[in-house]
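Note sheet for the following structure.
Just follow the structure's listing: the first ligand is 1, and inside any ligand the first atom is 1.
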Amino acid sequence: MNRGRIELAPSVMCADFLHLADTLRVFEAHRIEYLHVDIMDGHYVPNFTLGTRFCRVLGEGTAIPLDIHLMIENVDQYLPEFCARKGSMVSFHPEVVWHPLRTLQAIRAFGCRAGLSIDPAMTLDTVKPLLPETDFLCMMTVNPGYAGQPLVAGGLERIAEFRDFLDRNYPHIRLEVDGNVSWRNIPLMIERGAEILVCGSSSLFDPAHPLAENIVRLREIAAAPPGADSSPEITRRLRSGGARSRCRSGAAAFRAVEE
Ligand code: DX5
Ligand code: ZN
């Protein structure tokens, strides 16, 4: 199934907060699709991050759409503030609310896109009844709560399992992946059906290269044919002009570059 362009959602909690305005300008210049904002309350997850005022100020500071990932217990109580900017993507973990269908409907009623954040322990059968009111799934490929964690066991297979079900039953529902979206894992996640990539410490905010260079590399990996090599050496050679034409003719071109 043609799923269209892979979209990027940098995880803002991984950004350098002392230079956030500069970072937003880089994101705007590279047409970043969403800003992924992790909200943690120290209860649903054993960590604290960003809150309602941060979302408001961020929303005033850029036109990039917000992708708000609620890792909090009292979701319904705080929806009016987290849904203040119409058109935002807002996801929550269904196991923490009494009536998840009602919460999804409430997010939509605020004019936002309603999403379910799927903990690694959450099964497909559990979320099936909620899908008629869902616009996107945020598949956690790590245990929620921290950046810089390794992929959970079975994380990649679950992307394929959910994607397969969505393709057959709810093809309009977007599939976002969140957690250890690393240079190595990105091609594997895309091959299994990921459409929106939450990019954190293991790719976009990888300190080994400037932010803008990491974004260009992410775009190239996302646009590459399945099985293409995503190593920095390859993408640097691709960016050096001459090799680019070979790229357009499929996976063989990437392999050809190495010879
Ligand atoms: C974790 C958050 C993620 C995290 C991603 O609970 O939901 O968005 O920031 O960071 P990395 O890419 O380092 O796993
Ligand atoms: Zn997240």
Side-chain angles (χ1 to χ4, degrees), residues 6-17 20 23 27 32-52 54-55 58 64-73 75 78 82 88-96 107 112-122 134-156 158-159 162 174-190 194-209 211 214-215 217-218 221-222 230:
I6 301 296
E7 297 180 311
L8 304 181
S11 174
V12 179
M13 73 178 264
C14 301
D16 172 357
F17 287 165
L20 193 53
T23 300
F27 289 164
I32 286 292
E33 288 84 358
Y34 311 102
L35 296 176
H36 184 82
V37 188
D38 291 300
I39 312 296
M40 302 181 188
D41 63 356
H43 288 271
Y44 174 70
V45 289
N47 195 7
F48 291 96
T49 50
L50 311 163
T52 52
F54 181 87
C55 290
L58 190 64
I64 302 175
L66 302 183
D67 168 24
I68 299 175
H69 177 191
L70 298 175
M71 288 166 275
I72 64 174
E73 284 183 353
V75 174
Y78 295 105
F82 287 118
S88 297
M89 296 167 64
V90 179
S91 67
F92 65 98
H93 289 262
E95 67 271 30
V96 297
I107 293 171
C112 293
R113 293 201 271 171
L116 294 171
S117 302
I118 310 294
D119 181 274
M122 177 68 65
T134 300
D135 299 308
F136 72 100
L137 295 182
C138 176
M139 294 260 337
M140 298 295 309
T141 37
V142 299
N143 288 313
Y146 299 95
Q149 301 179 88
L151 206 60
V152 292
L156 293 174
R158 280 167 54 79
I159 297 172
F162 278 71
R174 311 289 322 276
L175 192 59
E176 177 177 50
V177 290
D178 184 9
N180 197 215
V181 177
S182 66
W183 299 120
R184 180 184 171 283
N185 293 332
I186 290 168
L188 305 173
M189 291 170 162
I190 293 174
E195 298 171 283
I196 305 173
L197 306 175
V198 175
C199 307
S201 62
S202 42
S203 58
L204 188 135
F205 291 104
D206 170 0
H209 301 285
L211 200 58
N214 287 341
I215 296 172
R217 183 178 169 200
L218 275 164
I221 295 172
S230 62

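Counting backbone and side-chain atoms alike, Cys138 contributes no N/O/S atom closer than 2.8 Å to the Zn ion (ligand 2).
Residue Met71 has no nitrogen or oxygen atom sitting less than 3.5 Å from a nitrogen or oxygen atom of ligand 1, judged on distance alone. Polar contact check, Gly145 against ligand 1: a nitrogen or oxygen pair lies under 3.5 Å apart. Looking at Gln149 next to ligand 1, no N or O pair under 3.5 Å apart turns up.
Restricting Asp38 to its N/O/S atoms, the shortest distance to the Zn ion (ligand 2) is reached by OD1. Among the heteroatoms counted here (N, O or S) of His69, ND1 is the one nearest to the Zn ion (ligand 2).
Between Phe92 and Ile107, some side-chain heavy-atom pair lies under the 4.5 Å cut-off. The shortest side-chain heavy-atom distance between Ser117 and Asp178 does not fall under the 4.5 Å cut-off. When side chains are defined from C-beta on, Gln149 counts as touching Asn143, because their heavy atoms get closer than 4.5 Å. Side-chain atoms of Ser182 and Ser201, non-hydrogen and from C-beta on, never get closer than 4.5 Å to each other. For the pair Ile6/Ile221, no side-chain contact is recorded, criterion being any heavy-atom separation below 4.5 Å from C-beta on. No side-chain heavy atom of Leu175 sits less than 4.5 Å from a side-chain heavy atom of Phe136. Residues Cys138 and Met89 form no side-chain contact, since every pair of their non-hydrogen atoms from C-beta on lies 4.5 Å or further apart.
In summary, the atoms of ligand 1 found under 4.0 Å from a heavy atom of Gly148, numbered by their order in the structure, are 11 (P), 13 (O), 14 (O). Every atom of ligand 1 is numbered from 1 in the order shown, and the set under 4.0 Å from a heavy atom of Met140 is 6 (O), 7 (O). Proximity to Ala147 (heavy-atom distance under 4.0 Å) selects the following atoms of ligand 1: 9 (O), 10 (O), 13 (O). Close approach of ligand 1 to His36 (heavy-atom distance below 4.0 Å) involves ligand atoms 8 (O). Counting the atoms of ligand 1 from 1 in the order shown, those under 4.0 Å from a heavy atom of Val198 are 8 (O). Contact atoms of ligand 1 toward Gly179: 14 (O) (distance under 4.0 Å to a heavy atom of the residue). Taking a cut-off of under 4.0 Å to the non-hydrogen atoms of Pro144, the atoms of ligand 1 that pass are 6 (O). Every atom of ligand 1 is numbered from 1 in the order shown, and the set under 4.0 Å from a heavy atom of Met13 is 9 (O).
Ring geometry for Phe205 versus Phe27: interplanar angle over 60°, hence perpendicular rather than tilted (30 to 60°).
Regarding atom 13 (O) of ligand 1, its nearest protein heavy-atom neighbour is Ser201 OG, 2.4 Å. Among protein heavy atoms, the minimum distance from atom 14 (O) of ligand 1 is reached at Asn180 N, 2.8 Å. Counting only heavy atoms of the protein, atom 3 (C) of ligand 1 lies nearest to Asp178 OD1, 2.9 Å. The nearest protein atom to atom 1 (C) of ligand 1, hydrogens excluded, is given as Tyr146 O, 3.5 Å; this is a heavy-atom distance.
Judged purely by atom type and a 3.5 angstrom limit, Tyr34 has no side-chain atom pairing as donor or acceptor with the backbone of Val198. When atom types are taken as modelled, the side chain of Thr141 and the backbone of Gly155 share no donor-acceptor pair closer than 3.5 angstrom.
Not counting sequence neighbours, the partners of Tyr44 by the ring pair (Phe, Tyr, Trp, His ring centres under 6.0 Å) test are His93.
Defined by atom type and a distance below 3.5 Å, a donor-acceptor pair is missing between the side-chain atoms of His209 and Asn214.
Residue pairs meeting the salt bridge (charged side-chain N to carboxylate O under 4.0 Å, His left out) criterion with at least one member in residues 34-50, sequence neighbours excluded, do not occur.
By the criterion of a heavy-atom distance under 4.0 Å, the side chain of Ser11, and not its backbone, is placed next to ligand 1.
Of the candidates Asp206, Asp38, Asn143, it is Asp38 that places a heavy atom closest to atom 2 (C) of ligand 1.
With the Zn ion (ligand 2) as the vertex, atom OD2 of Asp178 and atom NE2 of His36 span an angle of 100° (nearest 10 degrees).
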